[in-house]
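Notes follow the structure.
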Amino acid sequence: NTTASENTAVGYNALTSNVTGTANTAVGEEALKNNTANNNTACGMQALKANTSGSQNVAVGKEAGLSVTTGSKNVVVGSEALYANTSGDQNVAIGYNSLFANTTADNNTAIGHGTLQSNTTGTQNIYNLRMGEYDAVWVFLISLAFVGFYIYIEARPKGSNLFGNISDTISRFFRQK
């Protein structure tokens, strides 16, 4: 640090490469280790470790934003969140491994454990609480069961029971008019 000011570094090799960057806070081993930019906050072991010229980033958690080099205005909360990002800007990753593989994509928001973890270059995605691949299938199947039950209740003949006349009800439902 030769001409920089308003910096705080706590931890082994935290903010060690900073020469001119101002208003940075690094707490944790190798947090902001390669940083030379301004207005970054990293809290956690190797948080924003690779950052060189990216500014106005906030990373909290072990290896949060580890590979960010030139990306700016990213918010990262969670261990290994936004892990592979190098130049992506204005991303929000909250939760363990969220936006893990993101490399250059901008303007993504991922909230929850592992959300958008395979996204690499896709931009302007919003993904919340990992309502993903298998969860969506279960919601669809449960909804289908409720709709089917409702149709049965409405279409059944008077006096029939739920299982007694189910084949008659289905055939009536699909009959040609």
Side-chain angles (χ1 to χ4, degrees), residues 1-140:
N1 193 345
T2 56
T3 59
S5 63
E6 302 168 3
N7 292 302
T8 303
V10 178
Y12 178 75
N13 278 338
L15 208 59
T16 55
S17 297
N18 192 55
V19 177
T20 58
T22 61
N24 294 293
T25 302
V27 178
E29 180 182 344
E30 296 185 334
L32 282 169
K33 180 181 180 183
N34 297 315
N35 185 71
T36 59
N38 302 324
N39 304 310
N40 290 296
T41 301
C43 184
M45 181 180 145
Q46 296 182 338
L48 291 172
K49 176 184 177 180
N51 189 61
T52 54
S53 60
S55 62
Q56 300 177 4
N57 292 299
V58 175
V60 178
K62 179 182 175 278
E63 297 177 341
L66 176 76
S67 302
V68 173
T69 53
T70 61
S72 295
K73 299 177 183 169
N74 293 297
V75 176
V76 187
V77 178
S79 181
E80 298 178 8
L82 206 66
Y83 186 90
N85 189 68
T86 55
S87 60
D89 297 325
Q90 299 176 353
N91 293 295
V92 176
I94 300 174
Y96 173 77
N97 266 349
S98 59
L99 281 170
F100 181 86
N102 192 80
T103 54
T104 59
D106 302 325
N107 303 306
N108 290 296
T109 301
I111 301 172
H113 173 89
T115 50
L116 286 172
Q117 72 184 53
S118 299
N119 185 63
T120 55
T121 58
T123 62
Q124 298 180 350
N125 294 296
I126 298 174
Y127 204 68
N128 192 358
L129 300 176
R130 198 169 187 197
M131 179 61 179
E133 311 85 34
Y134 302 110
D135 295 337
V137 171
W138 280 110
V139 168
F140 172 75

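Just the heavy atoms: all of them, side chains too, but no hydrogens, waters or symmetry mates, feed the values below.
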For the residue pair Asn34 and Ala50, what are the closest heavy atoms and their distance? ND2-CA, 3.8 Å
Qualifying residue, where the test is side-chain hydrogen bond (donor to acceptor under 3.5 Å, both in side chains) with Asn7 and the options are Thr22, Asn38, Asn24: Asn24
To the nearest 0.5 angstrom, please state how far the CD1 atom of Ile94 sits from the CD1 atom of Ile111. 5.0 Å
With rounding to the nearest 0.5 angstrom, report the CG to OG1 distance, Asn119 to Thr103. 8.5 Å
Looking only at heavy atoms, which two atoms of Gly122 and Ala105 are closest? And how far apart? O-CB, 3.0 Å
Applied to residues 21-34, the salt bridge (charged side-chain N to carboxylate O under 4.0 Å, His left out) test, sequence neighbours excluded, yields Glu30-Lys33, Glu30-Lys49
pair Asn107-Thr123: side-chain heavy atoms closer than 4.5 Å: no
Can you see which heavy atom on Thr52 is nearest to which on Thr36, and at what distance? O-OG1, 2.7 Å
Could you measure the distance from the CD atom of Gln46 to the CG atom of Leu32? Nearest 0.5 Å is fine. 12.0 Å
Summary of side chain to side chain donor-acceptor pair (under 3.5 Å) pairs that have at least one residue in residues 75-88, sequence neighbours excluded: Asn85-Asn102
Heavy-atom nearest pair, Gly44 first then Ala31, reads O-CB, 3.7 Å
Quick one: does Gln90's side chain get under 4.5 Å of Asp106's, heavy atoms only? no
With the side chain counted from C-beta on, respond yes when Leu82 and Val68 share a heavy-atom pair under 4.5 Å apart, and no when they do not. yes
Does the Asn51 side chain pair with the main chain of Asn35, one donor and one acceptor, at a distance under 3.5 Å? no
CE on Met45 to OH on Tyr12, rounded to 0.5 Å: 12.0 Å
Asp89 and Thr70: which non-hydrogen atoms are nearest, and at how many Å? OD1-O, 4.1 Å
Heavy-atom pair of closest approach, residues Ala14 and Ala9: O-CB, 3.6 Å
Check whether Asn57 reaches the backbone of Asn40 with its side chain - one donor and one acceptor, N or O, closer than 3.5 Å. no
